Amino acid sequence: MLNFTQPDVILPPTADDDPRIGHLLGTRLAGGTAPRVVLVGFPSDEGVHRNGGRVGAAGAPDEIRRMLFRLTPDAERFEESVDLLEHTLDLGNIALSDDVERDQALLGEVLAPHLATGSFVIVLGGGHETSFGHFQGYASRDKPVGILNWDAHPDVRELQGGLGHAGSAFRQAILHPSGACRQFVAAGLLPHVVARAHLEFLAAHGARFVWRRDLSPARIDEIYGSLEGPSFVSFDIDAVDQAEAPGASSPSVGGIPVDLWLHAAYRAGRTRAVRSCDVVEMNPVYDRDNAAARLAAATVWHVLKGLVEREI
Ligand SMILES: [Mn+2]
């Protein structure tokens with residue numbers, strides 16, 4: 001049974017000559033036509049708990065919305081940006097059970113029909129267990145998919161007692177019996193927080209990784225250019241340096257600077273192969289002055305900017 005809760009977010013002030021995103025979303029959706037973009041919250045952190053991390057990411061979807069709804073449409077491409085927002089459907093947050101496997105299957109069920117009709121899907125997580133549910137939106141319909149994960153860690157850790165968690169999402173996708181995961185790239189890795197065994201796992205499965213120190217705008221473009229087919233992109237906020245994203249389940253020092261991160265978000269929207277994305281591991285409990293929530297909101301904003309500029 002699918003259940004959604006409506007976001008608990010007070011809309012910001014708005015004005016005709018200074019409209020804000022929260023007032024534009026979904027205002028021109030017509031019955032029978034697929035939304036151009038679908039937003040959905042996955043308020044889960046049980047996978048973080050299982051992984052021994054700091055819980056709190058379950059509160060992220062509404063904190064991200066709170067910051068996103070205050071932003072303006074893209075001032076550089078105003079009309080097109082407004083049009084995209086007016087055709088964006090916010091489904092709210094999926095009502096979860098804290099049974100991670102069941103919740104992930106539920107997320108897959110919610111996403112599959114939207115992915116099938118060609119809406120661009122943006123999932124607001126949740127811990128990184130969000131991404132295995134996201135993957136099921138493809139795998140449950142036998143749709144092969146590539147995955148690009150922006151993260152300090154590759155998240156291919158072993159299961160614990162046969163159970164998945166926030167650190168195992170991509171091991172589960174890569175080993176999934178459907179074979180639906182046909183490409184995996186982890187980008188932004190930090191050698192001081194990555195187990196060598198996980199790099200060996202990637203190599204053994206034909207997956208690629210890129211260290212954070214090797215990233216530049218050109219390298220990021222090249223990574224997007226290497227996507228071989230329909231793909232989803234995962235944005236783990238812990239890939240960004242802790243100074244700029246203090247509200248993360250598992251923060252890291254030496255992470256990606258904000259300008260490169262937002263470029264990666266923009267390219268996700270711009271790149272035709274990319275069909276969906278998720279923003280995960282934002283943790284409001286540890287955030288300072290909403291810095292990580294604002295960063296997560298700006299991540300979504302840059303994906304939307306890229307969508308406006310996407311060449312069809
Ligand atoms: Mn992660």
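Indexing begins at 1, ligand by ligand and atom by atom, following the structure's order. Sequential numbering from 1 along the given sequence is applied to the chain's residues. Because the structure is predicted, anything quoted here is derived from the model rather than measured.
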Restricting to N/O/S atoms, is [X] within less than 2.8 Å of the Mn ion (ligand 1) or not?
X: Asp155; answer: yes
X: His153; answer: no
X: Asp238; answer: no

Report the atom name of the nearest N/O/S atom of [X] relative to the Mn ion (ligand 1).
X: Asp151; result: OD2
X: Asp236; result: OD2
X: His128; result: ND1

Just by distance, do the side chain of Arg212 and the backbone of Leu190 share a donor-acceptor pair under 3.5 Å?
-> no
Evaluate the ring planes of His176 and Phe135, with Trp represented by its six-membered ring, and classify them as parallel (under 30°), tilted (30 to 60°) or perpendicular (over 60°).
-> perpendicular
Please work out whether the ring planes of Phe232 and Tyr138 are parallel, tilted or perpendicular, with thresholds of 30° and 60°.
-> parallel
Partner of Thr299 by side-chain hydrogen bond (donor to acceptor under 3.5 Å, both in side chains), out of Tyr266, Trp261, Trp150 | Trp261
Any donor-acceptor N or O pair under 3.5 Å, side chains Asp278, His128 = no
